[in-house]
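Structure, as structure tokens:
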Amino acid sequence: MRRPDLSLRALASLDAAATLRANRALARRGVPGFFRIVSRLGDGILWYALMGAVLAIDGRDAIAPVAHMLGVGIGGLALYKWLKLRTARPRPYEVHHAIRLGADPLDAFSFPSGHTLHAVAFAILFAAYYPVLAPVVAPFALLVAASRLILGLHYPSDVVAGAAIGAALAFGTLALL
């Protein structure tokens, strides 16, 4: 029986192939616009609007949860920027000419996905503090992650790493409470 090739080159090839498959969705009517909107909301707009909404609704009771979310957001930003500078991984559309750029990137490098990191972290924290929001924030976090692939901005490994870091930050800080 032949063993699967798990070399870095083979894994990179699988990563690129999966990105290309996802990126082909840009050819479908309505897909580019929809995922650009998701990506834009995932820039932070939706998360900070939700934080403002819970502050407006819950007043003082929302201060600690929102402060927790902001702390995780700042920590996640610092960590992903540090990782991006250390790895300096080019974005998929820059390396593979068959991958189309579907939206402007916020920074130069691919690894890890900061959008996914923050989407997962905030979705977990919102679900922990406001379980009624889980049916909204969880699917949105998945859409943000998908948008990064479809728009040609990230590889699946970037998205998985971002999700893992975001989950670790959220669950790790919740465990400290």
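Just so you know, these numbers come straight off a predicted model, no measurement behind them.
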Acceptor/donor pairs from residues 45-52 side chains to any protein atom, 3.5 angstrom cut, sequence neighbours excluded:
none

Output the distance between atom NE2 (His96) and atom CZ (Arg91), rounded to the nearest 0.5 Å.
13.5 Å
In residues 74-85, what donor-acceptor pairs under 3.5 Å come from side-chain atoms, sequence neighbours left out?
unit_1, atom_1, unit_2, atom_2, d
Tyr80, OH, Asp107, OD2, 3.4
Lys84, NZ, Asp107, OD1, 3.1
Lys84, NZ, Phe109, O, 2.7
Lys84, NZ, Pro112, O, 3.4

Shortest non-hydrogen contact from [X] to [Y]?
| X | Y | result |
| --- | --- | --- |
| Tyr155 | Ser110 | CD1-OG, 3.8 Å |
| Pro92 | Thr19 | CB-CG2, 3.9 Å |
| Pro105 | Tyr93 | CG-OH, 3.4 Å |
| Pro65 | Tyr130 | CG-OH, 3.9 Å |

Can [Y] be reached from [X] by stepping across I, L, V, M, F, W or Y side chains whose heavy atoms are under 4.5 Å apart?
| X | Y | answer |
| --- | --- | --- |
| Val72 | Leu177 | yes |
| Leu176 | Ile63 | no |
| Leu174 | Val66 | yes |
| Val54 | Leu41 | yes |
| Leu117 | Ile124 | yes |

Parallel, tilted or perpendicular for His118 and Phe122, by the 30°/60° rule?
tilted
Show the atom names and distances, to 0.1 Å, of all donor-acceptor pairs under 3.5 Å that link a side chain in residues 135-152 to residues at least two apart or in another chain.
unit_1, atom_1, unit_2, atom_2, d
Ser147, OG, Val144, O, 2.6
Arg148, NH1, Ser39, OG, 2.5
Arg148, NH2, His115, ND1, 3.3

Using distance only, find each side-chain donor-acceptor pair of residues 162-172 under 3.5 Å and give its atom names and separation, not counting sequence neighbours.
none

Residues forming a ring pair (Phe, Tyr, Trp, His ring centres under 6.0 Å) with Tyr129, sequence neighbours excluded:
His68
N/O donor-acceptor pair under 3.5 Å between Asp158 side chain and Ser113 backbone:
no
Measure from the side-chain N and O atoms of Asp15 to the backbone N and O of Ser157, and report whether any donor-acceptor pair falls under 3.5 Å.
yes
Please determine whether a side-chain nitrogen of the Lys or Arg among Asp104 and Arg36 lies less than 4.0 Å from a carboxylate oxygen of the Asp or Glu.
no
Leu101 vs Leu153 side-chain heavy atoms within contact, under 4.5 Å
yes
Anything under 3.5 Å between a donor and an acceptor, one on a side chain of residues 24-35, the other on a protein residue two or more places apart or in another chain? List them.
none

